[in-house]
Amino acid sequence: MRLRNMLLAGIAFLGLSLAQEFVTIGSGSTTGVYFPVATGMAKLVNDAGVGIRANARSTGGSVANINAIAAGEFEMALAQNDIAYYAYQGCCIAAFDGKPVKGIRALAALYPEVIHIVARADAGIRTVADLKGKRVVVGDVGSGTEQNARQILEAYGLRFEDLGQAIRVSATQGIQLMQDKRADALFYTVGLGASAIQQLALTTPITLVAVDLGKIQAIAKKYPFYVGFNIPGGTYKGVEVTTPTVAVQAMLIASEKLSADTVYKFMKAVFGNQEVFKKIHPNLERFFSLQKAVKGLPIPLHPGAERFYKEVGVLK
């Protein structure tokens with residue numbers, strides 16, 4: 001009888017483990033905002049005990065994440081809304097031009113991602129035009145930052161070739177280069193108050209380079225995902241003035257291959273308790289709401305997410 005009970009328990013355990021669904025969430029650099037947000041989401045799902053085991057993976061960023069979903073390596077990811085649009089439409093940037101990724105679906109818009117242009121205070125850079133001939137970190141290969149840097153420079157009549165050196169590395173490596181005086185400036189598309197920039201400001205005098213209002217309007221006209229955004233003075237040590245720039249939106253996306261039931265359970269575990277969810281990161285605390293989560297999504301909403309939003313009364 002005891003052996004039989006042990007066998008039954010073993011079979012039950014095996015069935016339980018087989019019922020577990022595994023979800024990998026692509027994020028970004030460990031010093032950015034994507035990584036702690038994705039890690040926090042994974043923890044909420046794992047703690048909820050809904051039959052889903054989630055983990056977050058550090059990556060190069062938006063482009064890399066979307067390609068990984070297309071390749072079946074990730075089930076979900078964080079990505080910029082502009083990059084998600086380019087991927088779905090197969091347009092606008094080299095990574096996706098003529099190569100649409102139709103298998104991605106929207107789950108939620110999360111918070112603004114601010115294009116930071118950070119310069120060493122001793123580099124003599126006051127405007128974007130001053131980046132000509134300078135050593136500039138333009139973002140990791142396959143990141144949204146790289147595309148944003150290209151588009152902002154374009155508004156000023158500049159290309160990567162006009163820089164003294166276009167350095168394609170992760171934010172972590174870029175910060176190190178800035179500290180070592182091996183880079184003069186750095187583009188970084190990231191949530192407000194990013195720890196990497198805060199750490200840089202503690203060790204190296206910096207300035208934030210403004211994007212002119214006229215250029216903001218021109219950029220937004222050509223690339224409609226950009227909105228004007230002011231980085232408040234005091235966000236980073238030594239930068240007391242408000243700096244006008246542009247922002248895109250961070251969003252959570254998923255593979256269309258994930259079942260509606262799995263996505264619904266994920267959504268309920270992550271977004272079901274707003275108070276707990278927002279504690280993951282200050283940018284969620286400051287900017288996220290379920291009402292905003294469904295606004296202006298550039299790709300189709302996943303049916304599982306749609307079910308969740310209807311249940312909570314955000315969609316009819």
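Residue numbers run from 1 in the order of the sequence given.
- Proximity of a side-chain donor or acceptor of E75 to a complementary backbone N or O of T24 within less than 3.5 Å is detected.
- Under a cutoff of 6.0 Å and an axis angle of 45°, R53 and F22 do not form a cation-pi pair.
- Under the 4.5 Å side-chain criterion, counting only non-hydrogen atoms from C-beta, I167 is not in contact with V138.
- Within a 6.0 Å radius of NZ in K181, no more than 12 heavy atoms belonging to other residues, nucleotides or ligands are found.
- Between the Y88 side chain and the P300 main chain, no donor and acceptor come within less than 3.5 Å of each other.
- By the 4.0 Å N-to-carboxylate-O rule, D261 lies close enough to K265 to be salt-bridged with it.
- Taking the charged nitrogens against the carboxylate oxygens, R150 and E146 do have a contact shorter than 4.0 Å, which makes a salt bridge.
- Contact between T59 and G26 at its shortest, heavy atoms only, is CG2-CA, 4.2 Å.
- Put simply, the side chain of D130 gets close to the backbone of R126: a donor and an acceptor are under 3.5 Å apart.
- With T39 contributing its side chain and F35 its backbone, the two residues share a donor-acceptor pair below 3.5 Å.
- A donor-acceptor pair under 3.5 Å links the side-chain atoms of N283 to the main chain of L192, judged by distance alone.
- For F96, the CZ atom sits in a packed shell: over 12 heavy atoms of surrounding residues, nucleotides or ligands are nearer than 6.0 Å.
- Contact check on E306 versus K310 returns a salt bridge, with a Lys/Arg side-chain nitrogen under 4.0 Å from an Asp/Glu carboxylate oxygen.
- H302 places a side-chain N or O within 3.5 Å of a backbone atom of L258 that can act as its donor or acceptor partner.
- Remark: R57 does not engage E73 in a salt bridge, criterion side-chain N to carboxylate O under 4.0 Å.
- Remark: side-chain polar atoms of D212 are not paired, donor with acceptor, to backbone N or O of K215 under 3.5 angstrom.
- Remark: K43 engages D47 in a salt bridge, criterion side-chain N to carboxylate O under 4.0 Å.
- Between E285 and K278 there is no salt bridge, since no side-chain nitrogen of the basic residue lies less than 4.0 Å from a carboxylate oxygen of the acidic one.
- By the 6.0 Å and 45° rule, K292 does not stack over the aromatic ring of F287.
- Between F288 and F271, the ring-plane angle classifies as parallel under the 30° and 60° cut-offs.
- Applying the salt bridge (Lys or Arg N to Asp or Glu O under 4.0 Å) rule to pairs touching residues 183-196 yields R135-D184, sequence neighbours excluded.
- For the atom pair CD of Q179 and CG of L200, the computed distance is 5.5 Å after rounding to the nearest 0.5 Å.
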